[in-house]
Asker: 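My questions all concern the structure below.
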Amino acid sequence: MWRSLGPLRLPEWEQSILARWQAERTFQRSVARRRGGPTYAFYEGPPSANGKPGIHHVFARTLKDLICRYQTMRGFYVPRRAGWDTHGLPVELSVEKELGISKADIGTKVSIADYNKACREAVMRYKATWDALTERMGYWVELEDPYITFDAKYIESVWWLLKRFYEKGLLYRDYTIQPYSPAAGTALSQHELNLPGAYKTVRDPSLTVQFRHQTEPDLYFLAWTTTPWTLPSNAALAVGPDFTYVEIETFQPYTREPTRVILAKESVPRYFSAEGAELPLSPEFVDVRTGRLPYRINRYLKGQDLIGQRYEPLFRYVEPDGDAWRIIAGDFVSLEEGTGIVHIAPTFGADDLRAARKNAISPILTSDAHGNPTPLVDKEGRFVPQVTDFAGRYVKNYTDAPDYRPVDEDIALYLRQRGLLFRKEIYEHNYPHCWRTDKPILYYPVEAWFIRTSALREKLVALNQTIRWYPPTIGEGRFGNWLENVEDWNLSRSRFWGIPLPIWRSRDGRYERCIGSFEELREAVEESRKQGLMQHNPVMHPDFDPHRPTVDEIILVAPDGTPLYREPDVIDVWFDSGAMPYAQLHYPFENEEIFSQQFPADFIAEGVDQTRGWFYTLHVIAAALFGTVAYKRVLVNGLVLDKEGNKMSKRLGNVVDPFTLMERYGADPTRWYLISNAPPWENVRFDEKRLAEKVRSFFGTLHNTYEFFALYARIDGYQIQPLPPVDQLPLIDRWLLSEVEKLTAEVSEAYENYYPTQAARLIEDFVIERLSNWYVRLNRRRFWKGEKDQDKWAAFTVLRYALLRTAQLMAPIAPFYAELLWEHLGERGSIHESDFPSSTLLWRDLSLEESMEKARRLTSLLHSLRKQSGVRVRQPLPQALVPASYKNWLDPLTDLLKAEVNLKAITYLDDHSQAVYYELRPNYRTLGPSLGPRIKDLASYLHTLPQEAILETLQKGKLQWEGHSFSLPDLEIRAQALPGWLHASEGGLTVALDTRLTPELEKEGWARELIHHIQVLRKNAGLEVTDRIHLRIHLPPSYQKALQSFASLIAEETLADSIEWVDNPIAGLSPIEFLDSVSLYIDISRAYEHA
RNA sequence: GGGCCUGUAGCUCAGAUGGUUAGAGCGCGACACUGAUAAUGUCGAGGUCCGUGGUUCGAUUCCACGCAGGCCCA
């Protein structure tokens, strides 16, 4: 019992606690113990084990862990299941790098089956490292049966969800504009565009062209484009609704015919020189070479007013499907370049498509040989036959043809001949190129499947308002704004390693089927077998793998016998993780009851970067299909930056390895540091020096306190006993218990508010300031004094109680050391199976808390005064003087204060004593609103008030001033000074110190000085604190005589059985300097006990 | 370009429903204590509370506009 653990060695202790937890299955037991209680549902966002975990993972996981541990201690059943996110681009890219292949090689050089096999292996590469981190940091989550997104069962649940979207009409096929390489014949990912060297500076012709107003003769809209080949696909023109436009009277530069054009006011100088405004409006002043045009501004127009006006198309190869060729609003329209009017080709630009959709304008499409809709440029990058003037011509030189003639030039020529070209320039800009063929990419329409999230917008927003966000601003701002502007979710990825879209379609698009379960697929394959389209049924196989290529080989059949082929895409991995509440339980195929208990989650926690990620996908799926939220509370954490505030990255070499950290300092300090340093949602600047400091200041102090307790408890054979009734305890114990209750209440509140930073800081402050630096420091004597009486046992009991309570309060954040304390303080079982303490108001004594706080401040003032006086602390001083108004709260603490500062008395000064000066100031807070500017006059009036008037005011409790009557709460009273004494004031407290020594006090000071020297010798001699001694002492006779009257005090303090005063310096001993001037000889010898 | 967050001592962070002396810890300097001692206490130096305007008797706090850093999205 009360074993000493020696100096702090957290990493080592943590290892043995880990071993114990594992052997006793403490985590599982702590969860199981609460089964039957209310469920607190927690979802673990699945990490990808494709890379090594970093310190930021420790941060996020500490937050998750501590909330779950806290709720478990509160009595909730908190099942926690680990999961793995396994699909997606990062895995694919790493595999491609390893195999030395590119995407185009998949299916040719490497089979899809082999490729996916490699992905499946690569994605779990660091699973062991992740599991090791989870365990080492004390993150309690069930690792033995994790959910894995590539599991067939997981995928089946995802299919079921997709089919529900499909049935609700929320899953639809459309196209999206993607970077596309005609030369390579493939779409490129955003990632491929970001490869170094992808962006090249190129020179393209840029045209400013005239779109003829439909009803007003000779009025044109001027639009600017750097991709002339998209002009045949023009469907609309976009303006900025808030911009100002001008109508200008001028001449067509090439035909010199009078004309009127509209463009943005800011663009005028780009097209018209100032000189032009002065020139007569006559065609002979047109200079085609320099571009000089005479012009007049006719009128100003608001962009808003242009919207809806119609124009004649430049080309009319295809009749548009619907209401094209009009002016629309575009938020992307800029005044930096061009005319402030933007040509919109929805088939070849992402902004264009978005704007067109918003305005219900159909893209310009025609039909290919099979009758399927196609844009005016085919996948090889050639104009389709319907574009008669340019049919078959490549829009860029994709084939390296030596005689390639840029089609852009011919389009310019064509327009010029028709008087529709206003200007042609060469434009130099950065443009992305295909990294393999080095050819410019095309933004091209690619078929894709979408979730119609835009139709859910209101529901998403409304449900979000019921989610508790920590901090709230992210829910309202970042997430809320995103939802309000949400657009349809493009689910398609033309990749290989992912959950395949369970949709089969006929070539002509007349038939389509979405599959929602393996059972359904199996039956569908059976039908298709009957029709002879399939030879065997792969879904019959017990290990059916729903990945590519297996599903690609399945051909289904339409009622009329038409074969149906799978849509080739896989889905966005974010859908995988958003499906986790259902798919982790293989819902609805299994576990319906468990699902209903654990959905929605009470709590999730991830980084801010998940706003558009997991937070979003969870929300969309739950809102769309279940009409509810997926999580009720979400705690958002910021990033972990290095100590300079830079993001940690391999490139900068500032990545901190969590394992090294935990081996060096321990998991608890790492967790504690991350939690206590700053609120979770702010970025944490990680500084190892501070972590080391945390070990020393908090864990070191707490551990010292335990060691102190254990040392004396061991010596005295303290036996655990219940707390005595509070009213029988000494004041200081009652104070500590009150503080413990206060701490409990405040820490509980912090946890309840998902603000663990506050909890950690409160605990730190309690341990360092109250428990260690005040309670233990003041009570040391009670622990080592001789008698084993009630008072001593009470001290042990109260201190042990406070330590245990501290352990429980800190257990969620620092589970290891809390466990250690629990065990060593003699409690059974694991602290994590204990019930979180609730605070007892009964033990609170608010006035005692406040008085003690003041007394602590007073002590600090007195220490500072002693320091100024130059009198050693060992020298007792006669008295401290304080104003009489302190009497009520200070009286009970007098003894403590006297002992702490080594005083003989505390004297209260009468209010009328000349020694106290009072000062009155207005209470700005209460008087400010009513007095307004006159408060300054009152302040100066109070300042000039004589002392007698102040005292009179204090006595009457009232003050009259210029017709106003003030009571005491309206005035701030300060005891300002005690002239003639050594005094100090701080925060309304004033104290003076009497440093006049009487001979008697001086002698006592000598005695204490002597005791001090003896203690040093005891220590140097290596004596145990309980060893008894014999003393022989020599001092000059005058001192010797004075000290003899303190012999019993000296003997008691130093555990001396005998003191012999010797007349002469003791031979063989060197003198000790006593009181800076006197030679002292002490001979110390251990007293052996005789039987 | 848009949304959100942050800006207080050399560093990491508190704080103030707007109130006249803005705090802590670390670091730095000085001293003390010595029955927790690889612990502890006291004192000191150190601040334009990012800037500018506004509201107010009073702004570091509220409002507006900026600046800087971060995250997400274009």
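These figures come from a predicted structure and were not determined experimentally. Sequence lines set the chain letters: A, B, ... in the order given, protein chains first and strands last, and positions in each chain run from 1. The analysis underlying the following values was restricted to heavy atoms, covering all of them including side chains, and did not include hydrogens, waters or symmetry mates.
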Asker: Whole angstrom is fine here: how far is it from CZ in Phe699(A) over to C1' in A38(B)?
Answerer: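 Value for this atom pair: 18 Å.
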Asker: Nearest to the Arg780(A) side chain among U12(B), U34(B), A36(B), which nucleotide is it?
Answerer: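 Closest of the options to the side chain of Arg780(A): A36(B).
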Asker: Among G35(B), A39(B), C71(B), which nucleotide sits nearest the side chain of Val608(A)?
Answerer: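 Closest of the options to the side chain of Val608(A): C71(B).
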Asker: Applying a 4.0 Å non-hydrogen cut-off, can you work out what Glu707(A) is touching in the nucleic acid: base, sugar-phosphate, or nothing?
Answerer: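 Here Glu707(A) touches no strand at all.
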Asker: By nearest atom, which of the nucleotides U12(B), A36(B), A14(B) is closest to the Asn704(A) side chain?
Answerer: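 The listed nucleotide nearest to Asn704(A)'s side chain is A36(B).
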Asker: Output one letter per nucleotide in nucleotides 1-10 of chain B: B when a protein non-hydrogen atom lies under 4.0 Å from the base, S when only the sugar-phosphate is that close, - when neither is.
Answerer: --BBSS----
Asker: Would you jot down, in residue-number order, the residues of residues 759-776 of chain A having a non-hydrogen atom under 4.0 Å from RNA chain B?
Answerer: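 Those residues are Arg761(A), Ser772(A), Asn773(A), Val776(A).
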Asker: Once you measure the plane-to-plane angle for Phe479(A) and Tyr616(A), does it fall in the parallel (<30°), tilted (30-60°) or perpendicular (>60°) bin?
Answerer: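 It falls in the perpendicular class, over 60°.
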Asker: Are side-chain heavy atoms of Val634(A) and Tyr470(A) found at a separation under 4.5 Å?
Answerer: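 A side-chain contact under 4.5 Å is absent here.
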Asker: With respect to Tyr718(A), which candidate in Tyr712(A), Phe783(A), Phe796(A) satisfies the ring pair (Phe, Tyr, Trp, His ring centres under 6.0 Å) definition?
Answerer: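 It is Phe796(A), the one option of Tyr712(A), Phe783(A), Phe796(A) that forms the ring pair (Phe, Tyr, Trp, His ring centres under 6.0 Å) with Tyr718(A).
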Asker: Would you classify Pro472(A) as touching base, sugar-phosphate or nothing, given that sugar-phosphate means primed atoms plus P, OP1 and OP2, and contacts are heavy atoms under 4.0 Å?
Answerer: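 No contact.
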Asker: Side chains of Ser4(A) and Arg714(A): closer than 4.5 Å at any heavy-atom pair?
Answerer: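 Yes, their side chains come closer than 4.5 Å.
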Asker: So which of Tyr754(A), Tyr755(A), Phe59(A) actually passes ring pair (Phe, Tyr, Trp, His ring centres under 6.0 Å) with Trp681(A)?
Answerer: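 One option only clears the test, and that one is Tyr755(A).
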Asker: Checking contacts here: which listed nucleotide (A39(B), G41(B), A74(B)) is nearest the side-chain heavy atoms of Arg696(A)?
Answerer: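 The nucleotide sitting nearest to the side chain is A39(B).
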Asker: Closer than 4.0 Å, any side-chain N/O of Arg777(A) to the OP1 or OP2 of U40(B)?
Answerer: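 Indeed not, no polar side-chain atom of Arg777(A) lies that close.
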Asker: Both distances under 3.5 Å, Watson-Crick or G-U wobble: report the partner of G25(B), or none.
Answerer: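 Across all strands, the one nucleotide that pairs with G25(B) is C11(B).
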Asker: Are the side chain of Arg856(A) and the backbone of Met852(A) linked by a donor-acceptor contact shorter than 3.5 Å?
Answerer: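 A pair under 3.5 Å: no.
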